[in-house]
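To keep things clear, I will list the structure first and then write my remarks on it.
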Amino acid sequence: KGLAVSFNCCAEDVASASTVIKDLRQTDCSDFIFAIYEGTDHAGHPFGFSINNPIYKAGFLLNDTLAYATLKAIESRETYETEDWLIILTSDHGGFNTDHGGASIQERMTFFVCNKDFEK
């Protein structure tokens with residue numbers, strides 16, 4: 001509907017984050033950016049969705065690092081103080097053992113982090 005849209009498909013999370021950060025460094029960066037970092041998902045399915053799983057934990061820590069780098073790229077924009085950013089970090093699902101989609105609280109629970117307050 002008249003929006004300039006760019007789709008990028010990257011094979012791994014570091015490349016995805018690099019693509020987003022490159023866009024953010026442009027004066028006329030995208031007005032809407034949707035990025036998916038799959039590290040936790042790719043570690044959880046074969047090895048288990050558990051913070052006690054070192055492979056899952058490494059995926060989570062990588063995604064945390066990439067999200068932080070993305071936030072720093074936003075904050076370092078020359079026009080940041082005059083811009084109004086809505087930033088939402090979330091997960092598409094929880095996990096239990098190596099699966100999701102069931103009725104357990106572990107599978108249904110996700111997190112939601114936002115830089116703005118939402119009124120009820």
- Task: Would you list the pairs meeting salt bridge (Lys or Arg N to Asp or Glu O under 4.0 Å) in which at least one residue belongs to residues 100-118, sequence neighbours left out?
- Result: D84-K116
- Message: Nearest 0.5 Å, please: how far is OG in S18 from CG in N8?
- Response: 11.5 Å
- What are the two closest non-hydrogen atoms of F49 and T98, and how far apart are they? CE1-C, 3.8 Å
- Message: Can you confirm whether C114 sits close enough to L86 that some side-chain heavy atom of one is under 4.5 Å from a side-chain heavy atom of the other?
- Response: yes
- Sole candidate of L24, I33, T65 that passes side-chain contact (heavy atoms from CB on, under 4.5 Å) when paired with T70: L24
- Message: Quick check against the 3.5 Å criterion: does N97 have a side-chain atom that pairs as donor or acceptor with the backbone of G48?
- Response: no
- Message: Given 3.5 Å as the limit, does a donor-acceptor pair link the side chain of E12 with the main chain of V14, or not?
- Response: yes
- Task: Determine the interplanar angle of the H93 and H100 rings, folded into 0 to 90°, and report it as parallel if under 30°, tilted if 30 to 60°, perpendicular if over 60°.
- Result: parallel
- Item | Minimal non-hydrogen separation, L66 against A17, with atom names | CD2-CB, 3.8 Å
- Task: Treat each ILVMFWY residue as a node, draw an edge where side-chain heavy atoms are under 4.5 Å apart, and state whether I88 and V20 are in one component.
- Result: no
- Report the distance from atom CD of Q26 to atom CZ of R77, rounding to the nearest 0.5 Å. 9.0 Å
- Task: Give a yes or no on this: more than 12 heavy atoms of other residues, nucleotides or ligands lie within 6.0 Å of atom CD of E78.
- Result: no
- Task: Hey, can you tell me if Y56 and F60 have their rings parallel, tilted or perpendicular (30° and 60° cut-offs)?
- Result: tilted
- Message: Tell me which pairs pass salt bridge (Lys or Arg N to Asp or Glu O under 4.0 Å) where either residue lies in residues 15-43, with sequence neighbours left out.
- Response: none
- For the atom pair CD1 (I87) and CD1 (I74), what is the distance rounded to the nearest 0.5 Å? 4.0 Å
- Note on the structure: When rounded to the nearest 0.5 Å, the distance separating OH of Y37 from CG of L89 is 9.0 Å
- To the nearest 0.5 Å, atom CE of M109 lies from atom OG of S104 at 9.5 Å
- The reported gap from OG1 in T40 to CG in N63 (rounded to nearest 0.5 angstrom) is 5.0 Å
